[in-house]
Amino acid sequence: MSARPLDLVVDAMNVIGARPTGWWRDRDGAVRALVDRLRALAAADAHGITVIVDGRPISGLPEGDHEGVEVLYAARSGRNAADDRIVEFLRAQSDPRAFEVITSDRDLTGRATALGAGVHGALSLLERLDRFDA
């Protein structure tokens, strides 16, 4: 019997911004597309996935569970707002070591690892999603 994979905590805008896909022309669409791709990954790989988004809530994508992906928004606006929400999320867990934060943000990496969470870069998740989509 194999161990359940670590639950993922995804820094949404960091992952979306890791590739110059033109996402800035349709930020809401890019977030929705990421959540869709993460839903498929959650279903196939038994991951618990929480995605944390900067900015205002997106119409039709409120906080909460979306078919296996928990969507959360930064609790405030401004610099590091999503990073702070990710750290708050990890601190609220009984065992942050059960989580893998997906971000390429150096400061957030330090904060997450200090709490015991693992960290992988944004491109590692995108490459995994690309293989999964193929």
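It should be emphasised that the depicted structure is a prediction, and the values quoted were computed from it without experimental measurement. Residue indices begin at 1 and follow the sequence shown.
Separating the CD1 atom in I86 from the OG1 atom in T103 is a distance of 6.0 Å, to the nearest 0.5 Å. Within the model, atoms CG of D36 and CG of L41 stand 13.0 Å from one another, a figure rounded to the nearest 0.5 Å. Summarising the geometry, atom CZ belonging to R37 is positioned 4.5 Å from atom CG belonging to L129; distances are rounded to the nearest 0.5 Å. Taken to the nearest 0.5 Å, the CG atom of D54 stands 9.5 Å off from the CG atom of N14.
With a 4.5 Å cut-off on side-chain heavy atoms, D28 and R56 count as touching. Using a 4.5 Å cut-off on side-chain heavy atoms (C-beta onward), R39 and I49 make no contact. The side-chain heavy atoms of R128 and D45, taken from C-beta on, include a pair separated by under 4.5 Å.
Between the side chain of D7 and the backbone N or O of G48, at least one donor-acceptor pair lies under 3.5 Å.
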Show me the donor-acceptor pairs within less than 3.5 Å that the side chains of residues 105-112 make with the rest of the protein, sequence neighbours left out.
{"residue": "D105", "atom": "OD1", "partner": "D107", "partner atom": "N", "Å": "3.0"}
{"residue": "D105", "atom": "OD1", "partner": "L108", "partner atom": "N", "Å": "2.7"}
{"residue": "T109", "atom": "OG1", "partner": "D105", "partner atom": "O", "Å": "2.9"}
{"residue": "R111", "atom": "NH1", "partner": "D84", "partner atom": "OD1", "Å": "2.9"}
{"residue": "R111", "atom": "NH2", "partner": "D84", "partner atom": "OD1", "Å": "2.9"}

Just distance, no hydrogens or angles: give the donor-acceptor pairs under 3.5 Å from side chains in residues 118-127, sequence neighbours left out.
{"residue": "H120", "atom": "ND1", "partner": "E100", "partner atom": "OE2", "Å": "2.8"}
{"residue": "S124", "atom": "OG", "partner": "G121", "partner atom": "O", "Å": "2.6"}

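Residues V35 and L8 are members of one and the same hydrophobic cluster, defined by side-chain heavy-atom contacts under 4.5 angstrom among Ile, Leu, Val, Met, Phe, Trp and Tyr. Both L115 and I52 belong to a common hydrophobic cluster when Ile, Leu, Val, Met, Phe, Trp and Tyr are linked at side-chain heavy-atom distances under 4.5 angstrom. There is no path of hydrophobic side-chain contacts, each under 4.5 Å, that joins I102 to V87. Under a hydrophobic clustering in which Ile, Leu, Val, Met, Phe, Trp and Tyr are joined whenever their side-chain heavy atoms come within less than 4.5 Å, directly or via other members, L61 and L72 fall into different clusters. Hydrophobic clustering (side-chain heavy atoms under 4.5 Å, transitive across Ile, Leu, Val, Met, Phe, Trp, Tyr) keeps V15 apart from V9.
Between L38 and V69, the closest heavy-atom pair is C-CG2, 3.7 Å. The two residues A12 and V51 come nearest to each other via the heavy atoms CB-CG2, 3.5 Å. When all heavy atoms are compared, the tightest approach of A82 to A74 is N-CB, 3.7 Å. Here the closest non-hydrogen pair linking V71 and P62 is CB-O, 4.0 Å.
Counting only residues at least two apart or in different chains, side chain to side chain donor-acceptor pair (under 3.5 Å) contacts with residues 60-72 comprise T50-E70, E63-R85. Pairs engaging residues 16-40 under the ring pair (Phe, Tyr, Trp, His ring centres under 6.0 Å) rule: none recorded [sequence neighbours left out]. For residues 86-113, the pairs satisfying ring pair (Phe, Tyr, Trp, His ring centres under 6.0 Å) are F89-F99, with sequence neighbours left out.
Residues meeting the side chain to side chain contact (heavy atoms under 4.5 Å, CB included) test with R25, sequence neighbours left out: none. Every residue meeting the salt bridge (Lys or Arg N to Asp or Glu O under 4.0 Å) condition with R19, not counting sequence neighbours, appears here in chain and number order: D130. A search for side-chain hydrogen bond (donor to acceptor under 3.5 Å, both in side chains) contacts involving N80 returns nothing, not counting sequence neighbours. Residues meeting the salt bridge (Lys or Arg N to Asp or Glu O under 4.0 Å) test with D26, sequence neighbours left out: none. Remark: R27 pairs with no residue by the side-chain hydrogen bond (donor to acceptor under 3.5 Å, both in side chains) rule, at least two apart or across chains. The salt bridge (Lys or Arg N to Asp or Glu O under 4.0 Å) check on R79 picks up nothing, with sequence neighbours excluded. Remark: R97 pairs with D95 by the salt bridge (Lys or Arg N to Asp or Glu O under 4.0 Å) rule, at least two apart or across chains.
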